[in-house]
Amino acid sequence: MPNPELIQVTLPDGTARAVPSSSKAGQALREAAGSLSSDVLAVKVNGVLRDLDSTLTEDASLEPVTFDSPEGKEVYRHSSTHIMAQAVKEVFPSAQLAIGPAIRDGFYYDFAFERPFTPEDLEQIEARAHEIIKADHAFKRMEMPQQEAVEFFKARGEKLKEEILRNLEDATVSLYHQGDFVDLCRGPHVPSTGRVKTLKLLSSAGAYWRGDERNPMLQRIYGTSFPSQDQLDAHLANLEEIKRRDHRKLGKELDLFTIQDEIGPGLVLWHPKGALIRLLIENFWRAQHLQQGYELVYSPHIARLDLWKTSGHVDYYRENMFAPMKVEASEYQLKPMNCPFHIMIYKSHLRSYRDLPIRYAELGTVYRYERTGVMHGLFRLRGFTQDDAHLFCRPDQIEAETTRVLDFTFSVLRTFGFSEFEVYLSTRPENATGSPESWTQATGALEAALKGRGVLYQIDPGEGIFYGPKIDIKIKDALGRAWQCSTIQVDFNNPERFGMAYTGEDGKAHRPIMIHRALLGSIERFFGILIEHYAGAFPTWLAPVQAKVLCITDRQRDYAEAVVAQLKAAGLRAEADLRNEKVGFKIREAEKAKVPFMLVVGDREVEAGTLSVRGRSGANLGSMPAQKVVDLIQADMASTVSAQ
RNA sequence: GCCGGCGUAGCUCAGUUGGCAGAGCAGCGGUUUCGUAAACCGCAGGUCGGUGGUUCGAUUCCACUCGCCGGCUCCA
C-alpha cells in the first residue's frame, strides 16, 4: 500500500518523486528537480495553471511555467496589471476597479474615474508601481463564498466588482491580494510583485464598460512588462518600427496616395506611383485568374434597391450601407457587395450541371458606410475594391473547388512575399440558415480540402457566417503581425433567395452552391499591408521606379538619357536624374524613394560604356554595360514572381 | 457614434499673462560641374481647419462644426 501521507509528482522529463501530501506545488517542483529557477512563475498541475504556492492534494504531473510560454506571459502580465491597479488605487483612491486582463504584448486595466488619466498621471502611477515592485509584496490567494465576496467589495465601494460578482455563477470565488490591494481574480499569479522586473505604462484611452457603447465610459490604461530591460527595450523598438512602417506615413512620403478632407474621409486618391503599383498588382491578379479558369466580369456601382432586398442586404446589412438615392420613380443603392451582380449574370442563362463550376471574378469597388472614428488609412475605408470571386458549383464540387482556391491563394500570397499563414475554419453559428445536413456536408468538404493539402488550421466554433461555413487565411508580415486577407465562404442562402438553379443529369432543376472568395481581401488594404511589410521598399517587380540613372555632371546627360531609353525599351521602369546636384544628393533622394537600382554614370562609365550599379541601401554591385543591368534587373524581378 | 489628444507654409514642427506669424526641408532664381545618403547665396510661400461669439484687438479665450491621431465597437 502506498503511504497515504505521500503523493507522487512527475516532471515533464519523466522524473518522479514522492512528496508529502499538501505540499506546495513550488516546493514539490524544487524537490523533484533538485532546484527551482527564479524564472519559474507558476506551474501547471495536471495541465491546469496554478500558483506556485497552491497546495497539492493528489498525484500530479507538474510543469514549470516561465515567461517563455504564452501562459507564462499571461501570468506575468496579469500580475503586472494588478500591480498597476494597486498603484492607481494608491494614487487615486476614488478610482474604481473594473477589469484588467493580460493582452498580446502587455496588459490593461479599466477604471471608473471622474476624469481621463493624463500623461502626468501615468508617470505618477508608473513610479508608484515601481515602488510596489520594489516592496516585493507576496500575491496571496484566498477563496470565499460568492455572497461573502459581494459584501466584501460592496464594503470597499467597488461597485463594478460587485456587479461582476453578481453575474458569476460559481459558489466560491477567488481573490488575490498583494499588500493592501485586493482584487477579484481567477489567478494564478507570480509569487510576489518583485518578480515583475520591468513595467511601463504606454497609453490611456476611453473604453466602454463591458465593451458596450450604451454603457458608461471607463478609463483604460495600457502597459507592458518584461523580465528584462533588454526585452522591454526590444519591444519598444518594435513599436517604433511599427510607427516607421506606418503605411499612412510612407504613403505620403513615397507619394503613393492621399486621403483628403475635401474628398471625404475613407476615400482614397491614388497618386501616379501608387496607381502604378496598383496596376501591377491588378494585372498580375487578372492574368492569374484567367489562367486559373476564372471568367472576369464587371458590374455597376449602383443598382435598384430591390436587388438588395432580394439579397437580404437591406435587412441585415443596412447599417453598413449608404442611404439609397431616388432615381426617377425608383430607389437605387450604392453597392456594398458584388455578389448579387454575379448571381444575376449566372441567372441570365439556363445553366446545366455540365457548366459547373462557374467562376466569376471581379475587382469590384464597393462602398460601405463606416462610422467616423473607425476609418484608418487604407485599412478601413468607405470605398474599397474587393478582389472578389463567386464560384457556383454542385454540392459535391465544394471540396475540389476549395482545394483549387487554397492552392491559388497560397501561390498568390507567396508571390507577394508572404510565407507564413494562419488558417481558421469557422463552423455553424447560432443564427444559421440552411439545413444542418448542408452545414455538415459543406463544413466537411472545407475540412477535407484543408486536410487534403496538409494545411494546419484551427477551428473557430460557431464563428461561421449565418449563410455558411468559411475558411479564413491570415498572413504574417515582416514584423510577425497577422492580417486576415483571404476568405472562402460557402453560401446556402443567396442561391435560395435568388432562386438559382441548374439542370441536373436527371433533367430536373437543382440548387447550386455559391462560394464567395477573396484572396487579397481589399486591394487598398492589401496595398497598405504590402507597404508596411516591405517598409515601402517594394520588390523590384512592384517598384514604381526600378532604376534611376544618376549623372555626376552635366557632361553625362546625353549618355544617361540614352541608357534610360535602352532600359525602357527593355520594358523596365527607369528614370534619369539629370539635375545639377551632387551625386550624393541624388543617391539620397533615390534611397528615400526606395528605388531598387541606382545607376551612376560619370566620365569613367561614359568612356567604358558601362554603368556603376548601386543596390538599395548601399550595396555596390560593380560596373557593367547597360545590357547586363537589364539582365540583372529582370532576373531580380523574376526571382520574386517565379514563386507563383 | 463615444472618450481623450490634435489641426500654424507643399512636408516636419516652433510660437503664453490676447498686440502686425517663425525655422528646417521641399519650390523658384543664381553660383557651383562635383564619384555613392544633404554644396552655397538669395527669393517667394500662411484669411494659423471652418463658422460664430467675447474683446479696441483673437493663431491665442469661449461655443459650434469639419477632419486627423490613440482607443472603444465593428470589419476587408
Side-chain angles (χ1 to χ4, degrees), chain A residues 108 110 113 115-119 121 202-222 243 246 248-249 252-253 255 258-266 317 319-320 336-337 364 366 368-388 465 472 474 483-487 489 516 518-529 548 550-557 579-593 595 598-605 612-621 623:
Chain A
Y108 68 79
D110 286 344
F113 192 49
R115 61 171 177 82
F117 293 110
T118 64
D121 293 338
L202 298 170
S203 61
S204 62
Y208 297 102
W209 172 230
R210 296 179 184 280
D212 188 327
E213 65 187 37
R214 289 165 302 193
N215 284 338
M217 173 88 46
L218 304 174
Q219 301 304 326
R220 174 171 299 179
I221 302 178
Y222 286 94
K243 265 193 210 162
D246 191 315
R248 293 167 300 185
K249 184 171 136 70
K252 192 187 280 181
E253 284 173 12
D255 198 15
T258 49
I259 297 169
Q260 300 177 20
D261 242 27
E262 290 80 353
I263 311 297
Y317 206 68
E319 61 182 33
N320 281 298
M337 302 259 184
V366 297
R368 298 183 184 173
Y369 173 72
E370 297 285 2
R371 294 185 298 176
T372 57
V374 304
M375 263 83 73
H376 181 93
L378 296 176
F379 289 166
R380 193 74 182 274
L381 295 165
R382 282 185 174 156
F384 63 96
T385 306
Q386 291 183 307
D387 71 317
D388 215 353
I465 314 169
D472 289 326
K474 292 185 181 181
W483 305 94
Q484 199 220 301
C485 295
S486 319
T487 185
Q489 307 176 351
H516 308 249
L519 305 187
L520 312 178
S522 125
I523 298 291
E524 289 80 357
R525 181 167 176 272
F526 190 75
F527 181 48
I529 294 168
K548 198 136 189 171
L550 314 175
C551 58
I552 290 175
T553 74
D554 287 348
R555 289 191 298 281
Q556 302 91 30
R557 291 176 72 143
R579 293 174 303 170
N580 174 14
E581 294 290 351
K582 295 177 71 170
V583 72
F585 181 79
K586 294 183 183 183
I587 284 171
R588 177 182 154 79
E589 299 231 316
E591 282 289 351
K592 279 175 36 177
V595 175
M598 281 158 252
L599 311 173
V600 178
V601 295
D603 290 336
R604 288 206 297 271
E605 284 75 20
S612 170
V613 185
R614 183 192 207 272
R616 207 156 34 189
S617 38
N620 179 4
L621 303 176
S623 288

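Residue numbers start from 1 in every chain, and the chains themselves are labelled A, B, ... in the order their sequence lines are given, proteins ahead of strands. Computed from a predicted model, the values in this text were never measured in an experiment.
The backbone N or O of E253(A) lies less than 3.5 Å from no partner atom in the side chain of K592(A), so there is not a single donor-acceptor pair. Distance alone, capped at 3.5 Å, is enough to place a donor-acceptor pair between the D387(A) side chain and the L520(A) backbone. With hydrogens and angles disregarded, a donor-acceptor distance shorter than 3.5 Å links the side chain of R368(A) to the backbone of P336(A). Looking at E589(A), its side chain never comes within 3.5 Å of a backbone N or O of K586(A) through a donor-acceptor pair. Side-chain N or O atoms of R220(A) include none that pairs as donor or acceptor with a backbone N or O of A205(A) at under 3.5 Å.
The distance from the CD atom of E370(A) to the NE2 atom of H376(A) is 13.0 Å, given to the nearest 0.5 Å. Annotation: the span from L202(A) atom CG to I221(A) atom CD1 amounts to 11.0 Å, rounded to 0.5 Å.
When heavy atoms are screened at a 4.0 angstrom cut-off, E370(A) is found touching base atoms of the nucleic acid. Base contact: T372(A) has a heavy atom under 4.0 Å from a base atom. Looking at heavy-atom distances under 4.0 Å, D261(A) makes contact with sugar-phosphate atoms alone, never a base. Looking at heavy-atom distances under 4.0 Å, G206(A) makes contact with a base.
Distance check on atom P: G49(B) versus C6(B) gives 13 Å, rounded to whole Å. Comparing the C1' positions of U59(B) and C20(B) gives a spacing of 13 Å, expressed to the nearest Å. A distance of about 46 Å separates the P atoms of G35(B) and C48(B), rounded to the whole Å. Comparing G50(B) with C28(B), their C1' atoms sit 31 Å apart, to the nearest whole Å. For C68(B) and C11(B), the P atoms lie 15 Å apart once the distance is rounded to whole Å. Nucleotides A37(B) and A63(B) have their C1' atoms positioned 50 Å apart, rounded to a whole Å.
Straight-line distance from the CD atom of Q484(A) to the P atom of C75(B): 11 Å, rounded to whole Å. Whole-Å rounding puts the Y208(A) OH to C3(B) P distance at 7 Å. E262(A) places its CD atom 10 Å from the C1' atom of G67(B), with the value rounded to the nearest Å. Between the CD atom of Q489(A) and the C1' atom of C75(B) there is a distance of 12 Å, rounded to whole Å. Whole-Å rounding puts the M217(A) CE to C72(B) P distance at 11 Å. Distance CZ (R579(A)) to P (G29(B)): 13 Å, rounded to an integer number of Å. At whole-Å resolution of the value, CG in L381(A) and C1' in A76(B) are 9 Å apart. Atoms CG (D387(A)) and P (A76(B)) sit 13 Å apart, rounded to a whole Å.
Here the rule is side-chain contact (heavy atoms from CB on, under 4.5 Å) with F384(A), and of R380(A), R382(A), Q386(A) only Q386(A) fits it.
The phosphate of G70(B) has OP1 or OP2 within less than 4.0 Å of a side-chain N or O from H376(A). Close to C74(B), at under 4.0 Å from its OP1 or OP2, lies no side-chain N or O of R382(A). A sub-4.0 Å separation between OP1 or OP2 of C72(B) and a side-chain N or O of Y222(A) is present. Put simply, R248(A) has a side-chain N or O that comes within less than 4.0 Å of OP1 or OP2 on C69(B).
Checking S617(A) against E591(A) by side-chain atom types alone, no donor-acceptor pair falls below 3.5 Å.
Taking only distance into account, the side chain of Y369(A) never meets the base of G1(B) through a donor-acceptor pair shorter than 3.5 Å. For R380(A) against C74(B), a side-chain-to-base donor-acceptor contact under 3.5 Å is present.
Partner assigned to A38(B) is none, using Watson-Crick or G-U wobble distances below 3.5 angstrom.
Looking at the side chain of T553(A), the nearest of the listed nucleotides C66(B), U33(B), C72(B) is U33(B). Taking only side-chain atoms of Q219(A), from C-beta outward, the nucleotide of C3(B), U73(B), U33(B) with the closest atom is C3(B).
Side chains of S623(A) and E605(A) form a contact here, defined as non-hydrogen atoms less than 4.5 Å apart.
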I'd like a table of atom pairs between the protein and nucleotides 8-14 of chain B - only N or O on both sides, under 3.5 Å - with the distance next to each one.
from	atom 1	to	atom 2	distance (Å)
U12(B)	OP1	K252(A)	NZ	3.2

Next on the checklist: Walk me through whether T258(A) and K252(A) qualify under side chain to side chain contact (heavy atoms under 4.5 Å, CB included).
Outcome noted: CA-CA 7 Å; T258(A) 49; K252(A) 192 187 280 181; 5.5 Å; no
Checklist entry - Nucleotide by nucleotide, 5' to 3', does protein get under 4.0 Å of the base (B), only the sugar-phosphate (S), or neither (-) in nucleotides 35-49 of chain B, counting heavy atoms? => result BBBBB----------
